[in-house]
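Before any comments, here is the structure.
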Amino acid sequence: EDQVTQSPEALRLQEGESSSLNCSYTVSGLRGLFWYRQDPGKGPEFLFTLYSAGEEKEKERLKATLTKKESFLHITAPKPEDSATYLCAVQARTGGFKTIFGAGTRLFVKA
Amino acid sequence: EADIYQTPRYLVIGTGKKITLECSQTMGHDKMYWYQQDPGMELHLIHYSYGVNSTEKGDLSSESTVSRIRTEHFPLTLESARPSHTSQYLCASSSDPGQGSYGYTFGSGTRLTVV
């Protein structure tokens, strides 16, 4: 069964304190792994798609990496506006275009 | 700017009422989805569509129904609302693989409360 597990559930950082969020996944043939950002009361906002092990994507202070079993979202020198829930999700090649989401990591960045 | 619109944003309704949650997108995407999300929990797929007149049930059992008569419109209907339907409902659409990143574009959601 396809599954996504994110850790930690919550992460509290000081402004400027770099860290990483983890996404472990099992899927029968990965079509794509996705990262989203979700602010309270809003729908998720797409950040990255990763397709194969070794791939990396960057956007401002965020960098996503992928291995065959997990993905990391690295946050460099975070700011308070980076506070949000970060969701990881996967699509399997055999699952049509359905996407399976993890429960997310709630990130709090204090000034 | 959001290219996918959900209405209403908030809805409080009595048990037994029929409700329709609206979702429209302006991107011409063939693929559309409805997810249910409780606070702090995963998104669960309840319905999806890969094009006009195509609808499928998702992995989460749901008493709702959907229709896809036009590409841009994907409404979700609850024939008889119950307190167990209280949740946030998120609509999304996506392009095909090979057309950019094909990540989902989500609406802002409808927060439904059934009393």
Side-chain angles (χ1 to χ4, degrees), chain A residues 1-10 23-25 27 29-52 55 57-59 64 66 71 84-108, chain B residues 1-10 21 23 25 27 29-51 54-60 87-112:
Chain A
E1 182 181 337
D2 300 335
Q3 195 169 359
V4 177
T5 303
Q6 292 188 245
S7 61
E9 289 186 10
C23 171
S24 297
Y25 67 92
V27 65
L30 181 70
R31 173 183 282 138
L33 183 141
F34 308 86
W35 283 98
Y36 292 84
R37 168 189 171 132
Q38 186 174 25
D39 292 302
K42 295 188 176 181
E45 175 188 352
F46 170 77
L47 293 173
F48 305 110
T49 308
L50 301 167
Y51 298 95
S52 58
E55 189 174 1
K57 293 274 180 73
E58 283 189 71
K59 180 180 180 179
L66 181 65
S71 176
T85 296
Y86 290 86
L87 302 174
C88 176
V90 296
Q91 268 190 19
R93 288 201 197 95
T94 56
F97 297 96
K98 296 184 289 182
T99 299
I100 297 168
F101 286 81
T105 293
R106 283 170 289 169
L107 175 66
F108 304 92
Chain B
E1 289 293 331
D3 295 308
I4 183 163
Y5 305 95
Q6 291 187 244
T7 57
R9 285 280 284 123
Y10 303 93
L21 308 184
C23 177
Q25 51 100 359
M27 296 167 285
H29 288 165
D30 284 331
K31 297 171 183 56
M32 296 189 74
Y33 314 85
W34 276 103
Y35 281 84
Q36 187 174 337
Q37 185 182 32
D38 293 319
M41 303 295 288
E42 300 93 330
L43 280 72
H44 291 287
L45 181 66
I46 48 176
H47 294 283
Y48 62 99
S49 168
Y50 291 162
S54 157
T55 62
E56 300 286 345
K57 286 186 179 290
D59 301 321
L60 181 67
S87 188
Q88 169 148 284
Y89 293 83
L90 291 163
C91 181
S93 71
S94 69
S95 60
D96 288 322
Q99 296 177 355
S101 64
Y102 79 97
Y104 287 5
T105 300
F106 281 90
S108 294
T110 294
R111 182 162 296 281
L112 173 65

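Here is how names work: the chains are called A, B, and so on, in the same order as the sequence lines, proteins then strands, and each is numbered from 1.
- How far NZ of B:K31 is from NZ of A:K98: 14.0 Å, rounded to the nearest 0.5 Å.
- Looking at A:L47, neither its backbone nor its side chain comes within 4.5 Å of chain B, counting heavy atoms on both sides.
- Proximity to chain B is limited to the side chain of A:Q38, based on heavy atoms less than 4.5 angstrom apart.
- Contacts of B:Y33 with chain A are made by side-chain atoms alone, with heavy-atom separations under 4.5 Å and no backbone atom involved.
- With a 4.5 Å cut-off on non-hydrogen atoms, B:Q6 does not touch chain A at all.
- In this view, A:Y36 and A:F46, A:F101, B:F106 satisfy the ring-ring contact (aromatic ring centres under 6.0 Å, His included) rule, not counting sequence neighbours.
- Heavy atoms closer than 4.5 Å to chain A are found nowhere in B:E56, neither backbone nor side chain.
- Counting heavy atoms of neighbouring residues, nucleotides and ligands inside a 6.0 Å radius, atom CE of B:M41 does not exceed 12 of them.
- Both the backbone and the side chain of A:T99 have a heavy atom closer than 4.5 Å to some heavy atom of chain B.
- In terms of the side-chain hydrogen bond (donor to acceptor under 3.5 Å, both in side chains) criterion, A:S7 has no residue partners (sequence neighbours excluded).
- Here the shortest heavy-atom pairing between B:L90 and A:P44 reads CD1-CD, 3.9 Å.
- The environment of A:K57 atom NZ is dense: over 12 non-hydrogen atoms of other residues, nucleotides or ligands sit within 6.0 angstrom.
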